[in-house]
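Throughout, protein chains are lettered first and strands after them, A, B, ... in sequence-line order, and every chain is numbered starting at 1. The basis for the numbers below is simple: all heavy atoms, side chains too, and nothing from hydrogens, waters or symmetry mates.
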Amino acid sequence: MQPSRQFSENVYALVECIPKGRVMTYGQIAGLCGNARAARIVGGIAHYGPVSLPWHRVVNRSGGLANGYYGGQEGQKAALVNEGVEVFGDSGDYKVLLETYLWSPNS
DNA sequence: CCATTGACGAAGA
DNA sequence: TTCTTCGCCAATG
C-alpha cells in the first residue's frame, strides 16, 4: 500500500468514524494514519480540508479544543456539549477529559 | 515545480 | 514550573 496519499483518506475516515460523545487527538489520528509525527498534517488537512467532517470531535493532545476552528472554540465547545461531552475551562482554554471521552477505532 | 503554511507534539531553555 | 523553539510531512497557492 502507499500510505502517503492515503493519509488524508485515513484522516477523513477516522474523523467520520468518531462516535458522538467521543473525541480523538490529532496525534492519535496521525499515528493511526501511519505517521505519528504528522499530527500537524491532521490539523493542516482539517484547515485546508472540508468542514463536512466532525472536526469538533478532534482535540489536541491536552484535550484542548483546536485554535483555528472555523467557529472558534466556543463553537466547537457548543458542538461537543451538544453531543453530551462535558467541556471544562474558560473562553480560549476549553478542554475535555480525555480519560473519559477519548475514543479509539479499535474500541 | 517551488515556497509557504498549518486547527500539533515533544524537547529545550 | 512555564515559555520558546524545532521538527514532521502533506496540502495549498
Side-chain angles (χ1 to χ4, degrees):
Chain A
M1 300 244 288
Q2 288 119 347
S4 300
R5 189 179 63 205
Q6 292 203 349
F7 189 85
S8 57
E9 300 285 320
N10 288 328
V11 174
Y12 294 133
L14 274 170
V15 175
E16 283 188 287
C17 281
I18 301 174
K20 176 182 169 210
R22 290 288 186 281
V23 298
M24 287 188 75
T25 69
Y26 291 97
Q28 185 177 6
I29 292 170
L32 290 169
C33 288
N35 292 313
R37 294 142 182 157
R40 311 190 81 190
I41 317 302
V42 180
I45 290 168
H47 173 73
Y48 299 126
V51 189
S52 311
L53 296 168
W55 295 112
H56 58 268
R57 292 181 188 150
V58 185
V59 298
N60 62 34
R61 71 127 187 149
S62 301
L65 303 186
N67 193 34
Y69 190 65
Y70 99 97
Q73 277 116 346
E74 57 183 285
Q76 189 174 8
K77 176 215 171 215
L80 289 168
V81 173
N82 187 274
E83 295 187 348
V85 179
E86 297 178 79
V87 182
F88 298 89
D90 292 320
S91 182
D93 189 43
Y94 295 122
K95 56 188 174 183
V96 301
L97 297 177
L98 294 178
E99 301 272 327
T100 304
Y101 298 106
L102 183 61
W103 179 77
S104 173
N106 193 24
S107 175

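- A donor-acceptor contact shorter than 3.5 Å links the side chain of A/Gln76 to the backbone of A/His56.
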### Query
In the 5'-to-3' direction, what one-character label does each nucleotide of nucleotides 6-13 of chain B receive under the scheme B = base within less than 4.0 Å of a protein heavy atom, S = sugar-phosphate only, - = no such atom?
BBBSS---

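- At least one donor-acceptor pair closer than 3.5 Å links the side chain of A/Asn60 to the backbone N or O of A/Ser62.
- Atom CZ in A/Arg22 sits 11.5 Å away from atom OG in A/Ser104 (nearest 0.5 Å).
- Using a 4.5 Å heavy-atom cutoff, the side chains of A/Val23 and A/Val58 are not in contact.
- Atom CD1 in A/Ile29 sits roughly 16 Å away from atom C1' in C/dC9 (whole-Å rounding).
- Formation of a donor-acceptor pair under 3.5 Å by the A/Trp103 side chain with backbone atoms of A/Arg57 is not found in this model.
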